[in-house]
Q: 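Okay, here's the structure, questions in a sec.
In the text below, chain A, chain B and the rest are named by the order of the sequence lines, each starting its count at 1. Computed from a predicted structure; not experimentally measured.
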Amino acid sequence: MATDLQLPVFTNNSENELAGRWGMVIDQDICTGCQACVAACAMENNIPFVGEADAGYGRTMHWIRIERFWQGTFPEVKMTPYQPVLCQQCHKAPCEPVCPVFASVHSVSEDINLQVYNRCVGTRYCANNCPYQVRVFNWRDYTDARQRPELVTLQNQLNPDVTVRRRGVMEKCTFCIQRIRHVEDTAQSEGRDVRDGEVVPACAQACPADAIVFGRVDDPTSKVSKAAITSRGSHMLEELGTLPRVTYLAGGSAQ
Amino acid sequence: MSQQISRRDFLKLAGVGAATTAVLTGCGPASRYVTRAPYIKMPEYTYNGLSTFYATTCRECSAGCGLVIRTMQGRAIKVEGNPDHPVNLGKTCARGQATLHGLYNPDRITDPIQRVARGSEGGTKMDWDAAIGIVADALSKNKPDEIAFLVGMAPDHLFDLVADLAKTIGAPAPVRYGALGMFEARTTLVKAAEETFGQTGLPFFDIGGADLVISFGANFLETWLSPVAQTREFSKMRRGQKNKRGYLVQFESRMSQTGAKADEWIPITPGTEAMVALAIGRLIVEARGLALPPAFANVDVNGVVEASGVTLDALNRVAGLFSLYDRPLVIPGGGALGLSNGLQTAEAALALNALAGNFGKDGGVFISPTNPLADQYHRPASGREMQDFIQRMVDGKIKVLFVHGVNPLFELPKKLGFGGATKYVPQIISFATFPDETAMEADYVFPDHHGLESWGYQKIATGSASSVLSGAQPVIVPFFNTKSTVDVLLAAAQKAGGALASAFPFKDEVEFMDSKLASLLNVDGFFSAPEINTFAAYFQQYGGWWKTTDNRIAPSSADVLNRSFKADAAQFDGQGDFFFVPFVSPILGEAGANKPWLQEVPDPTTTIMWNTWVEINPATADKLGIEDNDVVRVVSDYGEVEVSVYKYPAIRPDTIAMPFGQGHTAYGQFAQGRGANPADLFGPSVNEAGDLAFGSLKVRIEKTNKKRQLSRLEGVLGVYGFDSK
Amino acid sequence: MSSIAKPLALPHAEEQEDPREQLMHDPRSRGEMNDMVMESMHSTTWKYWTVTGILAVIVVVCLFYAWYYLIMQGLGVAGVNRPVYWGIFLVEVVFWIGISHAGTFISAILRVLKVEGRRPFTRAAELMTTFGLVQAGISVFLHMGRVWLSYWLIPFPNERGLWPDFHSPLMWDFMAISTYLLSSTMYLFLPLIPDMAMARDRSTGWRKAAYRILAIGFRGTEGEWKNLITAMNIFAFAIIPVMFSVHTIVSWDFAMASRPGWSSSVFGPYFVIGALHSGMAAVAIVLFLIRSTMKNMKYFLRPEHFDLLGKLMLMVSMAWAYFYFNDYIVSWYGGDKWEKIVQEFTEKGPLWYLWYAMLFFNIVVPFAVLWNKKWRQTPWLLAIVGLLINAGMWLERYIIIPETLTINRMPFTWRLYVPGVEIVLTIGNFAFFFLLYMLASRFLPLIPVWEVQEGHESHTLRKIGKASIPTLSDME
Amino acid sequence: MIKKFFDALNQPLGRIGVLITLLVVFSAAVWGIAQTQKPPEQPIQFPHNLHVGVGIQCLYCHSGALRGASPGLPTETKCWGCHQQMAITNTSPLLKPLVQAVENNQPINWIPVAQVPDFVRFVHRPHIAAGLNCEVCHGNVSQMTVYQNPQVLNMGWCLACHRAKTEDNIQNNPGRDPAITAALATKRTKLTDCSLCHY
């Protein structure tokens, strides 16, 4: 057998690559924290529910969670603007180099972070190293209908485009790569480029406030690139140099 | 197959044997020995391996958002919003997303059942012919005025049929009820509009057109009226305008999700909203140096400051906002209306709108468009009407009760006595899809299809500027041996014979729908068609029919300001120390508790999952020696519940709050025995409009020395510091 | 070779402690020593079998059955959650690797430095190395979510063209631990050869068959001795860098991660010293147990050896304290927001008592006890100190892993860790270690008897001041 | 006793015993693996050779391959469409299951053979679009009765082709055109990306 000894090469920071490919803008000022994205994501990506005890112990499987904090005490109490936190699809992702088996790996063609479920051996190092804490682990066999008989009928809802994960596997937001792939495939079959706004992840699709915008960040005319150009924009934990692909627009009274 | 295949037959044939076993085996190469069953007869518009999308209407609440369901090989896979639908424009809420967990819920009632004894689990299975016979007997063998229909809030084709049916046999009109209607205080809104404008209809608040929104308790981002539409409008208000950011002020005693989005959240003593509104009006008039109109003449600003706990500065600031912004809008709603003076609050808020001069203008107040199929707005039953209904039951005036789409045993306050009244009704027939509390008490359960398996239309009450009739169609073949209630009633009418049979000569519900839709032929709208088959085909394809014009009705506002408004302090029942603020869980709504994924979606403000909590101000809790997760007993004059404590920073110290949505005693494995129901505490008092004054309660708290851990998404260590547990 | 050294007549005998209290002063004949060691291996009382049986039951239930349960149910039965993705399993890994360091340190470094006091207890320490590494390896596998795929960490050519990622510290870890396990096993085996030959010549039955294989034909010729000594010298020198690198690499699992409280450049030496700290203490416990439970061991293991061990423990404890505060002060002085929160959390958070307990056990206890020579020479006291130090070092790892992981850069997710099935498996792990040791104690000579004899033969007692010190004889 | 056992192993007969035991274990493993590779029992012993032999195109029945991920299995109505016109349908015992299924409106439960694991998302369309014929992967179906995979459908096999198609060599780039070289490199990045198949 001819063995290909080529190891995936970690990309350098050439200007071109820094431009990125897919990106997201989340406007915290109009996010109402309604959790539609959370539910939509779960339905699209076959995310299991874990039950009350595990949910209360930090084992929820949400790929996107909405954070909020309290400031001050009554009556001057304020809630910080809702902040949906999902995988930031870092260009220089801390989760990637620590995986011993390349299960957490960068997709060079799409410039997003991948989690290859079937390669994952469950060391959970990537989750430790993720500064955003957006990786979730299948602590139990949450999807096994033999162990959870209530799933027998519920599993009819599973999306056939997305792998159903079993115990011991790390997972995270994929920017709905099945939708990206589907749209790319359609565009290719029609002999054209992917149009702006054609790829819509489940969260952005559901968001009643239209607070989530998704698209190509390397295209300066795309909706997402335009939305990101504002003084309100920032990246989460920018100081770590992870080059996230999700831009947050600050909430509150900033113009 | 020789005869003409109706549209429904076609779908039925198409889906039989669709593959369900593949793709389910998970992350491992274990799928080798699965089998694949191809379609017997594939629908012609379906391709192997490609999804098929069906437009339909969401039935999770009565707002009626348009959905597009992605299906594959006969299975419903994903809920997406219908981008054309004027109510939601392609967006959905969490409840809408989880509707598939209702469709494929493991606890659904699979067959028609005759209960051995009321309240007992299960029962003997029947076949549908026998079931139809029982319905036919019930319709024909009872005196017409002893037949009662109790249906859900959504004004759909079933409601039309039942209304027609009742009219034909001479029975009392069907009663529509839903807990959301109670918490929204729709009757109060409608009554206030009627008194203020002299016009019947549900007020429409054009949030998207406004640049300043002042809300008195209206939780319009959560469950109030049409949340998805209002969220979209909110987003337009906040960031959709050029060079201007919309401003939201929220008056309420407990910070709701809407309050969390407010730029200014002003805690206010419950029941003082009306006077605060009038005081703001007076301050505006005074600041502008105008003559004081009678509307605001009676209010004493200093007295208001004292009663409401809102500082004069705050009142002045809010009054000042009216001059800073071009299109202010005042919304009364939710908890503020469910008080003994709720009608006053609604009217005072409308008076403020009148002062802002925004009746019938962009960013102002309208009357919601009337529906294409209705001449005027039919509001659901108010609390008082439900009390009358229950009284009729107790008096033995109801011999047979048909229940569909509503779960009065859970949704009505226990104190109203529906549970006790059922024993005076000899025959209760439920059409419930799920084994809810009322279905458990019914003699017969003839399960209806899930919303995604059934045909129908829904008359949209509000949420869109145009008049909308939303369409529904089955997206999959019925998963269980259920039958559409409309079909059951139509078949029963045929079986009963006589006038009934001739009044309803329809083969099935699609024909019935067509008969109703016929009035829309050749009417200008999103599409129009000259004959019914074309129209019906478009109707299914686009998920409904709607006008493309602005059909909102501008209210007449001539002399609102010259009326005199009252603003009394609200009356509170009971001797407790705390005001009680019940609110509908924004995630679960009234009927979401049986969907596991909704249970696991965290509450937006507290991030609690899977349970009920009571919100207490941390300072109050410390004073009482109560910690997070302590179980306390909340006691009102009418009942008590035991519930875990959540120390909520944004609630008045003299107020406690509890979400509605849990506390089921039936309703499937995910809902049963989980949490507590705040409606158990409610009293029977109603406000002037007849809506239940559910918030007019004073309760007290008793410690129980028990602890029950609440499941939170938030990490307590990080959000509240190391010291808290 | 000289004849057996005779006890010297000391000029001021009445002022001296009895010279026979030291092993070097108390030589017995070779045959006698061999028989004493053989007897210690053969004497199996009912107590021994009871303890072994109980341990075996514990291992089967708490380790193998619990592991099966863990694999079938998934890691949900353990206490790990978000954000504490690594729990007690990793604590155990670091702990056991730490324990394993003492063996090499005592055996290799002291051998290289020709410290005579090491002779009777090198074997016990080396066995600890190997068995500790076995536990560490088990803990690594316990920790993995899909352990049945763990062979993917091994670089082997496959049809997919996939390799493990050599960027990952876990990969280095995997390599380092397997190298260390291999080399320490070899290093355990080499000095065992003459003893195996000795045992072969003095036993019958299956033991003889087994020893015959293990002795690989060693007969004690000059050439064989020469080769053996050369091999041991090479190994002794070669294994020292391996030993230092292993724990440095283990520390890189943490130091390379971008977690507050972890990314610290001093972690390498700090972890090595920590490993020695717990390792020395563990040797003290094991020596005490051997001495008090096995036959004839009071002859070989004497207060002088505990004294030496006590001194080493004191020294390492001071070094550990230096490195700990080095790490602490740097992150305190550095003023990074998140580092500060981590420190505040460990000191004032809900688990503050662990931090104080750790400092007390690791610094205060050895300081208070080990300065006193008499106390150092009291085996049971030293064993208790060792126990406390091990508890302290276990807590130190607990603080570094699950407790530090509680804090991250997303305060919304901070959550405490409550161990679940880990506790059972930890019990199983310890039981397995002791079970292996128990079985080995009746199969392998725990005293490297040839080394002791070599010491007797090649050393004489010299009087330096008032003390008589065994020194290399002039002949060498 | 243990010694006796060890001693016995040292005898020639003992050694042969060890050898036999090892052989049995090894051949059981081989047999077990072989079992998983056998074509499964199908509800109808569908003769591919016959159907291909009369000139039916693959895509006539498995038309989904042109449009999307799954080529799909023909509906019963499609089978019946032809078969109801043939006399053999009513006589052949092999076709009994089809007749029965059609009469009872029952689905036929085929067992998929050319199958990738669930964590692999294989889409047929781009492969057809790239000009691959069905037999490149599925072998010469005209020679098979019940379909059988011509090779193990594993990742190495997929990747070998993805790599070969994108290699910068004489076959793919005869003129050493730098533009083609760049295009091949881009294509290779895409075709060897994990996210192409695993999500």
Q: Does a sphere of radius 6.0 Å around OH in C/Y68 hold more than 12 heavy atoms from other residues, nucleotides or ligands, not counting ones at 6.0 Å or beyond?
A: no

Q: Examine whether an atom of C/W172 lies under 4.5 Å from a heavy atom of chain A, and if so say whether it belongs to the side chain, the backbone or both; otherwise answer neither.
A: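 Looking at C/W172, nothing touches chain A.
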
Q: Start with the C-alpha distance between A/R68 and C/F412, add both sets of side-chain angles, then the distance that settles side chain to side chain contact (heavy atoms under 4.5 Å, CB included), and finish with yes or no.
A: CA-CA 8 Å; A/R68 62 99 186 85; C/F412 192 79; 4.1 Å; yes

Q: Just by distance, do the side chain of A/Y57 and the backbone of C/R415 share a donor-acceptor pair under 3.5 Å?
A: no

Q: Would the distance check show the side chain of C/R259 and the main-chain N or O of A/N128 forming a donor-acceptor pair, the cut-off being under 3.5 Å?
A: yes

Q: What distance do A/M61 atom CE and C/R82 atom CZ have between them, rounded to the nearest 0.5 Å?
A: 9.5 Å

Q: Against chain A, work out which of C/V418, C/D173, C/L416, C/L153 has the most heavy-atom pairs shorter than 4.5 Å and name it.
A: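 Going by pairs under 4.5 Å, I would pick C/V418.
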
Q: For C/R146 and A/N118, indicate whether the former's side chain and the latter's backbone hold a donor-acceptor pair under 3.5 Å.
A: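 Side chain of C/R146 to backbone of A/N118: a pair is present.
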
Q: Where does A/Q147 contact chain C at under 4.5 Å (heavy atoms): side chain, backbone, both or neither?
A: side chain

Q: Would you indicate whether the side-chain heavy atoms of C/L75 and A/R124 approach each other to under 4.5 Å?
A: yes

Q: With only heavy atoms counted, which part of C/P411 is less than 4.5 Å from chain A, the side chain, the backbone, both or neither?
A: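 For C/P411, the contact with chain A is made by backbone and side chain together.
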
Q: Measure C/Y417 against the heavy atoms of chain A and call it side chain, backbone, both or neither at under 4.5 Å.
A: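 Contact with chain A involves both backbone and side-chain atoms of C/Y417.
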
Q: Non-hydrogen atoms of chain C under 4.5 Å away: do they reach the side chain of A/D54, the backbone, both or neither?
A: neither

Q: Side chain from CB out, backbone as N, CA, C, O: work out which of these in A/F69 comes under 4.5 Å of a heavy atom of chain C, or both, or neither.
A: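 A/F69 touches chain C through side-chain heavy atoms alone.
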
Q: Need one label for A/R65: side chain, backbone, both or neither, based on atoms under 4.5 Å from any heavy atom in chain C.
A: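 The answer is the side chain of A/R65.
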
Q: About how many Å separate CG of C/N408 and CG of A/N129, when rounded to the nearest 0.5 Å?
A: 11.5 Å

Q: Tell me, out of A/V85, A/D141, A/V101, who's got the most heavy-atom pairs with chain C below 4.5 Å.
A: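 Highest number of pairs under 4.5 Å: A/V101.
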
Q: So what's closer than 4.5 Å to chain C heavy atoms on A/V50: side chain, backbone, both or neither?
A: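 Answer is neither: A/V50 stays 4.5 Å or more from chain C.
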
Q: In residues 83-96 of chain C, which residues are in contact with chain A at a heavy-atom separation under 4.5 Å?
A: C/P83, C/Y85, C/W86

Q: Flag the one option from C/V140, C/I71, C/V147 with the top tally of heavy-atom pairs under 4.5 Å to chain A.
A: C/I71

Q: Between C/H143 and A/T123, is there a donor-acceptor pair closer than 3.5 Å when you use the side chain of the first and the backbone of the second?
A: yes

Q: Can any side-chain N or O of A/R140 pair as donor or acceptor with the backbone N or O of C/G76 at less than 3.5 Å?
A: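 Here the side-chain-to-backbone pair exists.
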
Q: Among C/V80, C/L170, C/L405, C/T413, which residue has the highest count of heavy-atom pairs closer than 4.5 Å to chain A?
A: C/V80

Q: Could you please spell out the steps behind the side chain to side chain contact (heavy atoms under 4.5 Å, CB included) verdict for A/F102 and C/L162?
A: CA-CA 8 Å; A/F102 281 121; C/L162 290 179; 5.7 Å; no

Q: So does C/F156 have more than 12 non-hydrogen atoms from other groups sitting under 6.0 Å from CZ?
A: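 Count over threshold, so yes.
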
Q: Would you mind telling me which of C/A78, C/S150, C/G79 has the largest number of heavy-atom pairs within less than 4.5 Å of chain A?
A: C/G79

Q: Of all the heavy-atom pairs spanning C/G145 and A/F137, show the shortest one and how long it is.
A: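 Heavy-atom minimum between the residues: CA-CZ, 3.9 Å.
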
Q: Within the distance-only criterion (no hydrogens, no angle test), does the side chain of C/N81 pair as donor or acceptor with the backbone N or O of A/G58 below 3.5 angstrom?
A: no

Q: Is chain A contacted by the side chain of C/F254, its backbone, both, or neither, given a heavy-atom distance below 4.5 Å?
A: backbone

Q: Are C/M410 and A/M236 side-chain neighbours, meaning at least one heavy-atom pair lies under 4.5 Å?
A: yes

Q: Should we count OH of C/Y328 as having more than 12 external heavy atoms under 6.0 Å?
A: yes

Q: Tell me, for C/W252 versus chain A, whether the close heavy atoms (under 4.5 Å) come from the side chain, the backbone, both or neither.
A: backbone

Q: Let's test your reading of the structure: which of A/G122, A/P100, A/C99 forms the most heavy-atom pairs below 4.5 Å with chain C?
A: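 Ranked by heavy-atom pairs under 4.5 Å with chain C, first place is A/P100.
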
